[in-house]
Amino acid sequence: RPVNTLIAHAVNPEARLAALETLMTVINRGEGISRAWASVLRALRAVAERGGAGIVPAFNGVKVIVEDHIEELPDGVSGEVIAAVAAFAAQRRQINTSMSAVSLEWTLSDYFGRKVADTRVGKEALAEREMIPLLAAMREASMDSRPEVRNSACRTFTSTLVSNGDKLPARIWRMAVFDILFALVDDVRAATASASEEEQAAPEIGELDGQKIQLMVHHSRNTERKQWDETETLALTGVGRLLRAHFDAVAKFDGFDKKLEWYLQWVTRSIAEGSPEVSCAAVKSLHTVMEAGGTAGMTRSRWKKATRVLMTAAKGMNAAGSKVSGKTRYDFIDTVGKIWASKRAVFDKEDIQSLIGVVDMLARAPDEWLEKSAVQSRAGRYSTLRVQRRCLDVLVDLPPLDQAAVDSGAYPQAICQLLAYIAEALGGEVAEAVAKADFAYPGTTTQDGSMSLGFAQEACEALGKIYQSEHVPKDDRAMTFAAATRVMSSAMTISEEEGAAKNAANELRVTAAKTFCTALAVGGLTAVTKSSAFEFRAASVADAWDALSTAFESTLSNDGRDPALEGGMIECLAQAVTPHCGFADEHSRRRLVAAVASGSSVSRIWALSALHFGGGQMGRIALSHLVSTCERVMRACDEPEKVACVLDVASSLARDPSRRGENEPAPHSSSFIGWIKKTVAGETRNDLGHLRAILDAIGPCESSSDDVIRMKAEKVRGELTNALEM
């Protein structure tokens with residue numbers, strides 16, 4: 001007692017320090033203090049409350065008591081321990097001591113939590129006597145004016161509840177969450193809202209050579225508001241962790257649904273109005289909570305409330321004037337994608353429709369809204385934004401869907417949105433047609449410059465992946481085939497531009513052609529011809545063939561300008577389209593053959609030959625074009641490669657394939673010969689008039705200065721003559 005009196009009341013600082021040193025010796029030994037622990041703790045607390053010298057050694061004394069003698073303390077002393085630790089957390093002379101005191105509160109929470117868990121009788125009274133005061137002390141420290149202290153306390157507070165909350169009796173557990181933690185959140189939000197945004201002067205930390213030294217403060221923390229933003233960020237993170245870890249338990253508390261609405265409103269407002277740091281934290285907090293989807297506590301009505309936050313937030317970001325940062329938008333759509341990936345079984349058909357709508361809103365407004373004068377020039381918009389790429393990822397990840405979602409039209413909605421992105425980037429008639437079809441999600445707006453050619457290119461890739469998915473029904477592919485084909489046709493024939501736009505246009509053409517040939521023509525045309533429930537079947541099938549014919553006409557109209565595109569489209573026609581031409585009308589067949597015959601490149605000549613030898617109605621139509629092309633090339637006889645090609649074709653026509661022996665080698669040609677051998681039928685197709693026309697045109701080839709051409713022409717004349725005689 002005399003030592004305590006000196007520490008508390010001595011005027012001479014040296015006397016107080018000497019008394020404190022004596023007390024520390026007694027504490028370290030831990031002997032003979034059994035009934036004086038309360039007095040010792042009050043004396044140490046007095047040092048913190050008075051301030052001045054001795055704070056560090058006094059706190060060390062409290063630390064020794066907590067870490068080495070806590071189990072020796074009488075039951076009634078816990079309040080003194082908590083008060084002493086809280087006093088050192090609140091003192092303002094030694095910030096490191098305050099931070100250490102907050103850490104000591106964590107140690108106390110762990111000890112008290114284990115003590116409550118091990119108690120069989122009087123558990124609730126014990127928890128109310130020890131844990132509630134400790135949590136209240138943590139809450140007080142979490143509102144400290146010093147950012148470092150309050151942020152550390154906030155982390156400690158929420159971690160304590162996450163780690164030890166389930167050890168508490170239900171009534172105490174509810175009090176800790178609703179009355180202490182959520183009340184702290186309200187205090188933090190109020191402090192954040194009222195904090196000054198005026199830049200603070202850098203604090204002085206000393207002098208050097210007579211000049212004052214100021215502490216460097218990062219620009220992200222140079223105002224009071226920014227500092228409180230960090231605290232609110234920690235609160236959002238902490239509450240999200242708590243709800244995810246103990247959702248089922250907390251959901252049983254009386255009044256939980258009101259508190260859940262309070263939390264969701266906080267998240268919604270933070271996303272829309274918070275700083276980038278706070279809004280990103282709100283998104284991640286919501287993600288954490290929605291991971292509870294599918295648990296007993298996350299009922300359907302509660303899940304619906306959470307998904308409505310996603311839609312509300314997306315609508316806010318899509319609205320003109322929204323200042324939500326691009327980073328927050330990326331975090332948001334990334335969170336949406338992760339929730340879908342992990343909880344798709346919880347989504348019903350309405351949730352999935354909303355999900356697709358959220359994607360559309362973010363794809364059309366991928367960044368903070370700017371004044372029109374600040375929007376980048378056209379040439380600078382071709383690198384696709386991260387937000388839009390993630391939007392496409394979510395759409396591609398849609399399959400598989402349950403039957404209810406399929407029946408609701410989720411796949412056509414997703415496909416049509418992709419087509420809208422491509423069409424709007426292209427502009428012109430295709431954009432107008434898509435706009436009239438209203439493919440976008442209802443109520444969305446589009447930022448100037450967001451529909452770029454770069455984004456269109458990646459949308460083409462996404463479209464191909466969805467079309468190739470085995471989970472997308474034939475009816476859905478058939479329903480969207482005509483529109484998709486028309487948009488791809490426009491993308492494959494986009495006009496040349498200058499500078500960066502030229503590169504983007506070229507890349508779009510290549511990607512669109514790949515998507516058309518490997519996905520649409522393969523999966524889409526099969527769906528059109530085999531779908532049993534294709535709406536308005538006759539008219540829809542005719543529309544599909546009309547769109548397909550237009551695509552080949554537009555892409556093959558420029559003979560030789562883009563050899564890669566031409567070759568790919570001709571091969572696509574031979575391998576993917578021709579096998580289905582029996583379902584096409586006569587006009588469409590003629591258009592397809594005429595598109596191939598609009599040029600005279602080697603690949604086109606072999607394509608016409610392949611179509612002819614394939615037989616059927618397409619073979620009949622192709623023959624007249626093939627013969628006229630051969631005549632024209634032979635009479636000109638000015639391009640050796642083409643001449644050699646038509647001579648090979650003429651030889652094939654002369655040697656009627658219906659009588660060719662099985663062991664007779666096929667004529668040398670391009671890769672189409674393999675296709676010819678597979679599809680040739682056993683009937684005579686050659687018309688004597690066509691053979692005579694070729695024979696009449698072969699003369700210039702026999703007079704060629706090219707020995708190979710001349711010898712081949714002489715051989716073909718003999719074959720044609722023999723065929724006519726036979």
Can you list, pair by pair, the side-chain donor-acceptor contacts under 3.5 Å of residues 308-316, counting residues two or more places apart and other chains?
unit_1, atom_1, unit_2, atom_2, d
Thr312, OG1, Arg308, O, 2.8

Check whether any side-chain heavy atom of Ser270 sits under 4.5 Å from a side-chain heavy atom of Ser279, and report yes or no. no
With heavy-atom distances below 4.5 Å as the criterion, would you say the side chains of Pro366 and Tyr330 are in contact? no
Could you tell me whether Glu461 and Lys465 make a salt bridge, using a distance below 4.0 angstrom between a side-chain N and a carboxylate O? no
Can you check whether Pro473 reaches Val406 side chain to side chain, under 4.5 Å on heavy atoms? yes
Minimum-distance pair of heavy atoms, taken over all atoms of Cys416 and Thr480: SG-CG2, 4.3 Å
CH2 of Trp545 to CG of Leu592: how many Å apart, nearest 0.5 Å? 6.5 Å
Just checking, is any N or O donor in the side chain of Ser603 or Glu566 under 3.5 Å from an acceptor N or O on the other one? yes
For Asp257 and Arg302, run salt bridge (Lys or Arg N to Asp or Glu O under 4.0 Å): C-alpha distance rounded to whole Å, both residues' side-chain angles, the deciding distance at 0.1 Å, then the answer. CA-CA 8 Å; Asp257 285 315; Arg302 290 167 182 165; 2.7 Å; yes
Rounding to 0.5 Å, atoms SG (Cys517) and CG (Leu565) come to a distance of 7.5 Å
Excluding sequence neighbours, so at least two apart, what forms salt bridge (charged side-chain N to carboxylate O under 4.0 Å, His left out) with Glu291? none
Pair Glu424 + Arg364: basic N to acidic O under 4.0 Å: yes
Does some side-chain heavy atom of Arg604 sit less than 4.5 Å from a side-chain heavy atom of Leu556? yes
Do Ser408 and Gln353 come close enough that some side-chain heavy atom pair is under 4.5 Å? yes
Side chain Gln457, main chain Val510, donor-acceptor under 3.5 Å: no
Ala607 and Val596 have their tightest heavy-atom pair at CB-CG1, 3.8 Å
Does a salt bridge link Arg389 with Asp393, judged by any charged N lying under 4.0 Å from a carboxylate O? no
Applying side chain to side chain donor-acceptor pair (under 3.5 Å) to Thr328 and Ser325, what does each step give before you reach the verdict? CA-CA 5 Å; Thr328 299; Ser325 68; 3.0 Å; yes
Point-to-point distance, once rounded to the nearest 0.5 Å, from CD1 of Ile339 to OG1 of Thr307: 9.5 Å
For Phe256, which residues count as a ring pair (Phe, Tyr, Trp, His ring centres under 6.0 Å) partner, sequence neighbours excluded? Phe247
My understanding is that only residues two or more places apart in sequence, or in another chain, count here; which of them pass salt bridge (charged side-chain N to carboxylate O under 4.0 Å, His left out) with Asp348? Arg300, Lys304
Are Lys327 and Glu277 ion-paired here, with the side-chain N under 4.0 Å from a carboxylate O? no
Within a 6.0 Å radius of atom CZ on Arg344, are there more than 12 heavy atoms belonging to other residues, nucleotides or ligands? yes
Any Lys/Arg nitrogen of Lys349 or Asp407 sitting under 4.0 Å from an Asp/Glu carboxylate oxygen of the other? no
If you measure from CZ on Arg486 to CG on Leu548, what distance do you get to the nearest 0.5 Å? 10.5 Å
Between Asp585 and Arg589, does any side-chain N to carboxylate O distance fall below 4.0 Å? no
Does a sphere of radius 6.0 Å around NZ in Lys305 hold more than 12 heavy atoms from other residues, nucleotides or ligands, not counting ones at 6.0 Å or beyond? yes
Could you walk me through whether Ile352 and Ile356 pass side chain to side chain contact (heavy atoms under 4.5 Å, CB included), step by step? CA-CA 6 Å; Ile352 293 171; Ile356 298 173; 4.3 Å; yes
How close do Val593 and Ala622 get, counting heavy atoms only, and between which atoms? CG1-CA, 3.7 Å
Applying salt bridge (charged side-chain N to carboxylate O under 4.0 Å, His left out), name anything that partners Glu470, two or more places apart in sequence or on another chain. none
Is there a side-chain contact between Trp369 and Val324 in this structure, where contact means two heavy atoms from C-beta onward sitting under 4.5 Å apart? no
Heavy-atom closest pair (Gln447 atom, Ala365 atom, distance to 0.1 Å) is CD-CA, 3.4 Å
For side chain to side chain donor-acceptor pair (under 3.5 Å), just list the numbers for Thr444 and Asn318, CA-CA rounded to whole Å, side-chain angles, deciding distance to a tenth of an Å, and then say yes or no. CA-CA 7 Å; Thr444 57; Asn318 185 260; 5.3 Å; no
Take Arg591 and Asp546 through the test salt bridge (Lys or Arg N to Asp or Glu O under 4.0 Å) and record every step on the way to the result. CA-CA 9 Å; Arg591 289 176 65 190; Asp546 176 70; 2.7 Å; yes
Taking all non-hydrogen atoms of both residues into account, name the closest pair between Met290 and Lys343 and its distance. O-CG, 4.1 Å
Quick one: do Glu586 and Ile621 satisfy side chain to side chain contact (heavy atoms under 4.5 Å, CB included)? Show the steps, please. CA-CA 10 Å; Glu586 179 73 8; Ile621 298 169; 3.7 Å; yes
Got a donor-acceptor contact below 3.5 angstrom from the Ser489 side chain to the Thr485 backbone? no
Results of side chain to side chain donor-acceptor pair (under 3.5 Å) for Thr237 - residues two or more places apart only: none
Just do the side chain to side chain contact (heavy atoms under 4.5 Å, CB included) check on Tyr411 and Ser469 with the steps written out, would you? CA-CA 11 Å; Tyr411 287 130; Ser469 172; 5.7 Å; no
Nearest 0.5 angstrom please: Thr518 OG1 to Leu520 CG, how far? 8.0 Å
OG of Ser598 to NE2 of His625: how many Å apart, nearest 0.5 Å? 10.0 Å
Polar side chain donor-acceptor pair, Ser600 to Thr629, under 3.5 angstrom: no
Over 12 foreign heavy atoms within 6.0 Å of CD, Glu261: yes
Less than 4.5 Å apart, any side-chain heavy atom of Val472 and any of Tyr467? no
Would Arg244 and Ser285 count as a side chain to side chain donor-acceptor pair (under 3.5 Å) if you check the C-alpha gap in whole Å, the side-chain angles of each, and the deciding distance to 0.1 Å? CA-CA 9 Å; Arg244 178 64 189 97; Ser285 181; over 6 Å; no
Please find the pair of heavy atoms, one from Cys460 and one from Ile422, that lie closest to each other, and give the distance. SG-CD1, 3.6 Å
So do the side chains of Asp351 and Trp303 get within less than 4.5 Å of each other, counting heavy atoms only? yes
Parallel, tilted or perpendicular, judged at 30° and 60°: which one describes the rings of Tyr263 and Trp266? perpendicular
Begin from the C-alpha positions of Arg329 and Ser322 and carry the test side chain to side chain contact (heavy atoms under 4.5 Å, CB included) through to its verdict. CA-CA 11 Å; Arg329 291 167 193 258; Ser322 170; 3.2 Å; yes
Thr511 side chain vs Leu508 backbone, donor-acceptor pair below 3.5 Å: no
